[in-house]
Amino acid sequence: MSVYDQIAEAQASAIGEIEKTGDLDSLKAIEPVLFGKKSALSSLKRLMGEVDAEERADVGQALNQAQQTVREAHAAAKEKFELSSRRAQLESERLDLTESLQTDNRGHLHLVTQTMERLEDVFVGMGFTVSEGPQAETDWYNFEALNLPAAHPARSMFDTLYLDLGERTEIGDGEGGEATNILLRTHTSPVQVRVMESIAPPIYTVCPGRVFRRDTADASHMPVFHQIEGLVVDRGISLSDLAGTLNEFTAAYFGGAISSRLRPSYFPFTEPSAEFDITCVICEGDGCQTCQRTGWIELGGCGMVHPNVLANCGVDSEEWTGFAFGFGIDRLALMRYGIKDLRDMYTNDVRFLRQF
Ligand code: PHE
């Protein structure tokens, strides 16, 4: 074999080695074979001494040419592998900012809000409007106007959180503009007063919202919870309208298997007053642990609006009568979904919230 053939063969075998590689690592691994002292071209260079003097220049040129060709093939392969490895790295580090939309992870309304909206829907369907009032109230709206004067023993029913507004406690918002205590409303009943002050009867309204009581959080109590208040003021309203409305609501919200009953009770702002119970939604009246084997669950308070309350709101109790009711929303949601611990609703663990 001529020396030129040997050079051509060494070049072809080096190029063949390069073509066999598939990535930067395997290319690096064959570099000694391509360029090292023991590479085919290097050994040929060592044979130069044996080549005839007049041929030496040509053979040398052929060797350099072959070496150059191998270098170029190596450089091209290296560039190709570097590019593709950079691409792979970029791809693996890509941030998909559209991910939250693709995975339907957008979240939804909180269970309490859902329950509140469903309750509103049922009452709106019965012809009621929805009213709201402030969460920070004056003593007048939360107590006095509701026939609960300062020393009234029934105030102890409500463990009240008072706000320390510093200088601003002098804000006069009570009857006659005198200074009043500002507190976090303990029930939604103050909205009754605000509604009667602002619109003339007939009134058919519900007032859902957040209420506050000084309570330690446990499985069935939270210092912050939600109520929905109902208020009807019209001519000739009687206790049977109250009973009928509550029964109608119960069937619309819970379904026909659940009914309601009234039990005599006491609230300073209603006379007569009652607690209203519904058929236990868990056992449908058979008796179970949730209803303590009575078949009934206490939902809230109600009664005929006290004439003193009507008078405090400028409503003539000779012409108008009315009823009111109020019940807790959180406990309702708790029962409906069989949730054991009220605190779960407010710790905002998405694994819990996602279920509803
Ligand atoms: N406000 C009362 C409570 O929180 C409930 C109630 C509302 C009672 C309306 C009678 C009329 O306990």
Side-chain angles (χ1 to χ4, degrees), residues 112 116 119 123 128 130-135 137-149 152-161 183-196 203-215 220-234 237-247 249-250 260-278 297-310 312-313 315 317 320-332 342:
V112 170
M116 206 135 93
L119 290 167
F123 282 110
F128 283 68
V130 178
S131 310
E132 280 183 326
Q135 294 173 13
E137 266 296 8
T138 60
D139 193 88
W140 166 256
Y141 284 104
N142 197 79
F143 291 127
E144 294 238 2
L146 290 166
N147 206 26
L148 264 151
H152 199 289
R155 282 204 181 196
S156 61
M157 286 161 67
F158 305 103
D159 299 298
T160 310
L161 290 159
L183 47 86
L184 292 174
R185 66 181 182 194
T186 57
H187 51 177
T188 42
S189 299
V191 190
Q192 285 186 35
V193 180
R194 290 187 176 272
V195 170
M196 283 190 273
I203 296 168
Y204 291 80
T205 195
V206 286
C207 330
R210 190 172 289 152
V211 300
F212 309 82
R213 286 187 201 175
R214 240 189 94 189
D215 231 333
S220 53
H221 294 88
M222 285 297 275
V224 181
F225 56 105
H226 301 79
Q227 285 189 337
I228 186 164
E229 191 86 7
L231 173 70
V232 168
V233 181
D234 205 341
I237 294 291
S238 73
L239 194 66
S240 61
D241 296 308
L242 169 60
T245 303
L246 288 176
N247 223 23
F249 156 74
T250 308
S260 65
R261 70 173 187 186
L262 298 183
R263 269 184 300 118
S265 185
Y266 173 76
F267 296 99
F269 33 92
T270 45
E271 180 60 36
S273 301
E275 303 273 349
F276 74 98
D277 300 339
I278 57 162
I297 290 170
E298 187 186 312
L299 205 60
C302 61
M304 301 305 292
V305 180
H306 197 290
N308 289 355
V309 176
L310 293 174
N312 285 337
C313 303
V315 175
S317 60
W320 306 97
T321 49
F323 66 74
F325 58 85
F327 57 88
I329 293 174
D330 312 67
R331 203 142 46 97
L332 204 72
L342 186 56

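As the structure lists them, so they are numbered: ligands from 1, and atoms in each ligand from 1. These values consider heavy atoms only, across backbone and side chains, with no hydrogens, waters or symmetry-generated copies.
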| task | Show your reasoning for whether salt bridge (Lys or Arg N to Asp or Glu O under 4.0 Å) applies to Asp277 and Arg261. | result | CA-CA 5 Å; Asp277 300 339; Arg261 70 173 187 186; 2.9 Å; yes
| Got more than 12 heavy atoms from elsewhere within 6.0 Å of CZ, Arg263? | yes
| request: Before signing off on this row, confirm whether Glu229 and ligand 1 have an N or O atom pair separated by under 3.5 Å. | output: no
| Looking at Phe123, Phe267, Phe249, which hits ring pair (Phe, Tyr, Trp, His ring centres under 6.0 Å) with Phe325? | Phe123
| query | For atom 5 (C) of ligand 1, what is the nearest protein heavy atom, given as residue, atom name and distance? | reply | Gly326 O, 4.0 Å
| How far is atom 8 (C) of ligand 1 from its nearest protein heavy atom, and which residue and atom name does that atom have? | Gly301 C, 3.4 Å
| Ring-face cation contact, Tyr141 with Arg185, 6.0 Å cut, 45° max | no
| For atom 12 (O) of ligand 1, the protein heavy atom that lies nearest, with its residue and separation | Phe267 CE2, 3.8 Å
| Arg213 to ligand 1, any heavy atom closer than 4.0 Å | yes
| query | Can you check whether Gln192 has an N/O within less than 3.5 Å of an N/O in ligand 1? | reply | no
| message | Applying the side-chain contact (heavy atoms from CB on, under 4.5 Å) criterion to Leu299, which one of Leu246, Leu332, Thr250 satisfies it? | response | Leu332
| said: For atom 10 (C) of ligand 1, which of the options Ser273, Gly300, Cys302 provides the nearest non-hydrogen atom? | reply: Cys302
| message | Please determine whether any non-hydrogen atom of Phe269 lies less than 4.0 Å from an atom of ligand 1. | response | yes
| request: Within a distance under 4.0 Å of any heavy atom of Ser189, pick out the atoms of ligand 1 and give their elements. | output: 1 (N), 7 (C)
